[in-house]
*Asks:* 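I have a structure I would like to understand better, so I am pasting it below and will then ask my questions one at a time.
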Amino acid sequence: MFFLSWDSIERLLIVGVLAYIGLVFLLRISGKRTLSKLNAFDLVITVSIGSTLATILLNKKISLPEGILAFFILIGLQYVITLCSVKSKKFSKLIKSEPVILYEQGNFIDHALKAERVLKEEILQAARSNGLSTMKQVKAVVLETDGSLSLIKSTESEFSDTLGNVKCTRVSKRE
């Protein structure tokens, strides 16, 4: 139970080092986007790669070449999906969610909060995390495609071009 054999330790060391080198090599080839957290799809790929690495290391029935092939398939599919989403807006909308405004100019957008399952307290926490003491300092709060909350601070200017691609479910002066 505590120690099976030196063979299992030796296999773990050799396969662990080689799988790690193979993974790093494939990640360098595929680019920075592979491990980004831009949306839910990217998160699934990141978790899948970690799960695959653990399986390669701990399951003796999975050979190193099979594990490297699994990495290649996951990273290759992620590359193809992101390439297709860059080239086609329809495809991009199919696999990615849109950012959504949850709070704007002093008002919580209740139906957006409910639809996105976000509590007002979570928005207040995001404001505090950004060093704000009052919501009057906040122009807008956006739920991003990766699930994070972005705060746009109030300024003298009413113009805000960072909200251009954000889904707004109510009439706004923004254009």
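Note that the numbering runs from 1 along the sequence shown for the chain.
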*Asks:* Is it true that F72 and L57 fall in one hydrophobic cluster, defined by side-chain heavy atoms closer than 4.5 Å?
*Replies:*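 Yes, it is one cluster - the side chains of F72 and L57 are joined through contacts under 4.5 Å.
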*Asks:* May I have the step-by-step check of side chain to side chain contact (heavy atoms under 4.5 Å, CB included) for K90 and L94, ending in yes or no?
*Replies:* CA-CA 6 Å; K90 284 183 182 180; L94 180 67; over 6 Å; no
*Asks:* Quick check: do R128 and Q125 have side-chain heavy atoms less than 4.5 Å from each other?
*Replies:* yes
*Asks:* Distance check, rounded to the nearest 0.5 Å: I95 atom CD1 versus S85 atom OG?
*Replies:*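 It is 4.5 Å, given to the nearest 0.5 Å.
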*Asks:* Report yes if some heavy atom in the side chain of L27 is under 4.5 Å from a heavy atom in the side chain of I75; otherwise report no.
*Replies:*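 Contact flag for L27/I75 side chains = yes.
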*Asks:* Which atom pair, heavy atoms only, marks the closest approach of N130 to K153?
*Replies:*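 Looks like O-NZ, 4.0 Å.
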*Asks:* Do you reckon L12 sits in the same ILVMFWY cluster as V15, going by side-chain contacts under 4.5 Å, direct or chained?
*Replies:* yes
*Asks:* Locate the shortest heavy-atom distance separating L53 from A19; write the atom from each residue and the value.
*Replies:* CD1-CB, 3.9 Å
*Asks:* Which of these passes side-chain contact (heavy atoms from CB on, under 4.5 Å) with S97: D146, T145, L143?
*Replies:*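 That would be T145; it is the only one of D146, T145, L143 passing the side-chain contact (heavy atoms from CB on, under 4.5 Å) with S97.
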*Asks:* Report yes if the side chains of E122 and L113 come closer than 4.5 Å at any heavy-atom pair, otherwise no.
*Replies:* no
*Asks:* Does I73 share a hydrophobic cluster with Y20, counting links as ILVMFWY side-chain heavy atoms below 4.5 Å and allowing steps through other members?
*Replies:* no
*Asks:* Decide side chain to side chain contact (heavy atoms under 4.5 Å, CB included) for V118 and I123; before the verdict, give the C-alpha distance in whole Å, the side-chain angles of both, and the deciding distance to 0.1 Å.
*Replies:* CA-CA 8 Å; V118 176; I123 296 203; 4.3 Å; yes
*Asks:* Calculate, to the nearest 0.5 Å, the distance between atoms CG and OG belonging to L74 and S30 respectively.
*Replies:* 11.0 Å
*Asks:* Hydrophobic clusters here meaning ILVMFWY residues chained together by side-chain heavy-atom distances under 4.5 Å, can you tell me if I81 and V86 are in one?
*Replies:* no
*Asks:* Grab the two heavy atoms, one from A126 and one from L151, that are nearest each other, plus how far apart they are.
*Replies:*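 That would be CB-CD1, 3.5 Å.
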*Asks:* State the OG1-CD1 distance between T52 and I68, to the nearest 0.5 angstrom.
*Replies:* 10.5 Å
*Asks:* Would the distance check show the side chain of T55 and the main-chain N or O of S51 forming a donor-acceptor pair, the cut-off being under 3.5 Å?
*Replies:* yes
*Asks:* Are the side chains of T34 and Y79 in touch, meaning some heavy atoms are under 4.5 Å apart?
*Replies:*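 No; the side chains remain at least 4.5 Å from each other.
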*Asks:* Looking at P99 and V142, what are the two nearest heavy atoms and their distance?
*Replies:* CB-CG1, 3.7 Å
*Asks:* Is there a donor-acceptor contact under 3.5 Å linking the side chains of S5 and D7?
*Replies:* no
*Asks:* State, yes or no, whether a side-chain contact exists between K87 and S92 at a heavy-atom distance under 4.5 Å.
*Replies:* no
*Asks:* Compare every heavy atom of V100 with every heavy atom of E116, then report the nearest pair and how far apart it is.
*Replies:* OE2-CG2, 3.6 Å
*Asks:* Determine whether L149 and L102 make a side-chain contact, defined as any pair of heavy atoms from C-beta on separated by less than 4.5 Å.
*Replies:*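 Yes. Closest side-chain heavy atoms under 4.5 Å.
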*Asks:* Run the side chain to side chain donor-acceptor pair (under 3.5 Å) check on E66 and S63 step by step: do they pass?
*Replies:* CA-CA 5 Å; E66 290 173 321; S63 69; 3.2 Å; yes
*Asks:* Within this structure, what is the CG-CD1 distance for the pair L26 and I21, rounded to the nearest 0.5 Å?
*Replies:* 12.0 Å
*Asks:* In terms of hydrophobic clusters joined by side-chain contacts under 4.5 Å, are L77 and L43 together?
*Replies:*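 No, no single cluster joins them.
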*Asks:* Around atom CZ of F25, are there more than 12 heavy atoms from other residues, nucleotides or ligands closer than 6.0 Å?
*Replies:* no
*Asks:* Within the 4.5 Å heavy-atom criterion, are R11 and K60 side-chain neighbours or not?
*Replies:*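 Heavy-atom side-chain distance check passes, below 4.5 Å.
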*Asks:* Keeping the roles fixed (side chain from S88, backbone from C84), state whether a donor-acceptor pair exists under 3.5 Å.
*Replies:*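 Absent.
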*Asks:* Using every non-hydrogen atom in the two residues, find where V138 and Y103 come nearest and quote the distance to one decimal.
*Replies:* O-CE2, 3.7 Å
*Asks:* Do the side chains of K136 and S154 get nearer than 4.5 Å, heavy atoms only?
*Replies:* no
